[in-house]
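Step one of this worksheet: look at the structure below.
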Amino acid sequence: MAMPVLARQPTVLLLKREPRVPVEAETLNPAGLASKTRHEMERTPIVVGNAPEPAGDYFEVHPGEPGHVVLEGDLTRFKGIGAGMEGGTLWVRGRVGANAGSGMRSGLLAVEGDAGDWLGAQMTGGRILVAGNAGNYVGAGYRGYRSGMKGGTILVAGSVRHWAGARMRRGLIAVGRDGGDLLGHGMLAGTLLVCGKAGLRAGGMMRRGSIILLQDTDLLPSFRYDCQFEPPFWPLLCRSLEAEGFNLPKSLQAGIFSRYSGDINELGKGEILVWSGHG
């Protein structure tokens with residue numbers, strides 16, 4: 001997946017020391033760092049373990065254009081990168097931990113490496129691009145909440161693990177490679193595309209929405225076969241993804257899909273579309 005072009009002179013935070021314990025790093029976002037001096041950025045608090053510490057203890061800070069931030073290094077232990085973003089661009093040159101982009105409202109979060117669990121959980125807008133793989137619960141809802149993501153776009157070039165799109169209400173999730181088990185579990189609306197292999201029980205308990213699978217898979221018996229057709233939205237979706245740098249093979253950008261409706265144990269108005277080949 002092609003990544004977008006960076007601002008000419010973004011603010012850069014270069015990791016100089018890895019923490020020994022997990023870090024809550026929601027403050028390291030374009031809004032939280034905007035219009036701050038280098039000293040103020042270095043004093044921005046992050047929660048290391050259970051105690052606040054200044055970001056400058058872990059990052060070398062290079063101020064730049066407001067609204068555009070680059071984080072560089074292995075940020076696997078940093079949770080909540082880009083959480084609650086309301087605009088701007090946050091670019092990660094490395095891996096990120098759990099909850100990246102969760103509750104995001106606007107802006108762009110781009111990750112050149114892998115992402116942890118709960119990527120884009122309960123986001124309502126904006127775009128998340130991941131060049132590597134992502135963990136469990138991509139775009140899902142946290143436990144105790146009725147719905148997951150309510151808008152926005154999540155594009156993962158690699159594979160995702162289990163429960164991607166669980167209880168999602170709106171928006172788009174596209175996965176370039178394989179998806180784990182329980183894709184779109186309890187889905188309420190929105191679109192989930194998986195280009196590679198799908199795991200077990202895709203669409204279980206979904207009420208509405210669309211799951212698009214580009215490889216054949218065994219579906220739950222609570223999905224009823226309806227027909228084969230050429231979805232009129234499919235070429236439009238392919239062009240939209242291509243504009244985002246998420247390129248599908250030309251051979252898959254047209255063809256016949258088998259439509260299954262379900263989960264009939266629930267409302268039964270969801271659909272799973274399985275690419276069946278060229279007509």
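Note: hydrogens, waters and symmetry copies are ignored here, and every other heavy atom, side chains too, is used.
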Shortest non-hydrogen contact from [X] to [Y]?
X: P10; Y: V70; answer: CG-CG2, 3.7 Å
X: V111; Y: G94; answer: CG1-O, 3.5 Å
X: W234; Y: A254; answer: NE1-N, 4.0 Å
X: P63; Y: M41; answer: CB-CE, 4.2 Å
X: A164; Y: V160; answer: CB-CG2, 4.0 Å
X: D263; Y: M205; answer: OD2-N, 2.9 Å

Hydrophobic cluster membership, with links at side-chain heavy-atom distances under 4.5 Å among I/L/V/M/F/W/Y: are [X] and [Y] in one?
X: L172; Y: L213; answer: no
X: L248; Y: L192; answer: no
X: V96; Y: Y137; answer: no

Could you go through E271 and R259, starting from their C-alpha distance and side-chain angles, then the distance that decides it, and tell me whether this counts as salt bridge (Lys or Arg N to Asp or Glu O under 4.0 Å)?
CA-CA 7 Å; E271 65 176 6; R259 183 183 190 274; 2.8 Å; yes
Looking at residues at least two apart in the chain, or sitting in another chain, which of them share a side-chain hydrogen bond (donor to acceptor under 3.5 Å, both in side chains) with D74?
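Result, side-chain hydrogen bond (donor to acceptor under 3.5 Å, both in side chains) vs D74: T76, R95.
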Can you find a side-chain donor-acceptor pair between S261 and R224 that sits under 3.5 Å?
yes
For residues 158-179, which residue pairs qualify under salt bridge (Lys or Arg N to Asp or Glu O under 4.0 Å), counting only residues two or more places apart or in two chains?
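Checked against salt bridge (Lys or Arg N to Asp or Glu O under 4.0 Å) - neighbours excluded - no pair reaches residues 158-179.
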Would you say that more than 12 heavy atoms from the other residues, nucleotides or ligands in this model lie under 6.0 Å from the CZ of R38, or not?
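Above 12, so yes.
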How about K150: does its NZ atom have over 12 heavy atoms from other parts shown lying under 6.0 Å from it?
no
Hey, mind stepping through L28 and F59 against side chain to side chain contact (heavy atoms under 4.5 Å, CB included) and telling me if it holds?
CA-CA 11 Å; L28 302 182; F59 291 93; 3.7 Å; yes
Just by modelled atom types, is the G204 backbone N or O under 3.5 Å from a matching donor or acceptor in the H185 side chain?
yes
With no hydrogens and no angle check, is any side-chain donor or acceptor of N29 less than 3.5 Å from a backbone partner on G82?
no
To the nearest 0.5 angstrom, please state how far the [atom1] atom of [X] sits from the [atom2] atom of [Y].
X: I173; Y: L183; atom1: CD1; atom2: CG; value: 9.5 Å
X: F246; Y: L237; atom1: CZ; atom2: CG; value: 9.5 Å
X: N133; Y: D114; atom1: CG; atom2: CG; value: 5.0 Å
X: K16; Y: D57; atom1: NZ; atom2: CG; value: 7.0 Å
X: L109; Y: L119; atom1: CG; atom2: CG; value: 7.0 Å
X: F257; Y: C227; atom1: CZ; atom2: SG; value: 12.5 Å

Side chain to side chain contact (heavy atoms under 4.5 Å, CB included) between L241 and L193, intermediate numbers included
CA-CA 11 Å; L241 290 171; L193 165 67; 3.7 Å; yes
Please walk me through it: do L13 and L33 pass side chain to side chain contact (heavy atoms under 4.5 Å, CB included)?
CA-CA 11 Å; L13 277 70; L33 299 175; 4.0 Å; yes
Report the C-alpha separation of F233 and T191 in whole Å, then their side-chain angles, then the decisive distance to 0.1 Å, and conclude whether the side chain to side chain contact (heavy atoms under 4.5 Å, CB included) test is met.
CA-CA 12 Å; F233 71 85; T191 302; 5.7 Å; no
Parallel, tilted or perpendicular, as decided by the 30° and 60° cut-offs, for the rings of Y142 and W118
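Tilted: the ring planes of W118 and Y142 meet at 30° to 60°.
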Just list the side-chain donor-acceptor pairs under 3.5 Å for residues 20-27, sequence neighbours left out, or say none.
from, atom 1, to, atom 2, distance (Å)
E24, OE2, K79, NZ, 3.1
T27, OG1, P45, O, 2.8

Go through the steps for K250 and E242 under the test salt bridge (Lys or Arg N to Asp or Glu O under 4.0 Å), then give the verdict.
CA-CA 11 Å; K250 295 295 183 183; E242 186 174 9; 3.8 Å; yes
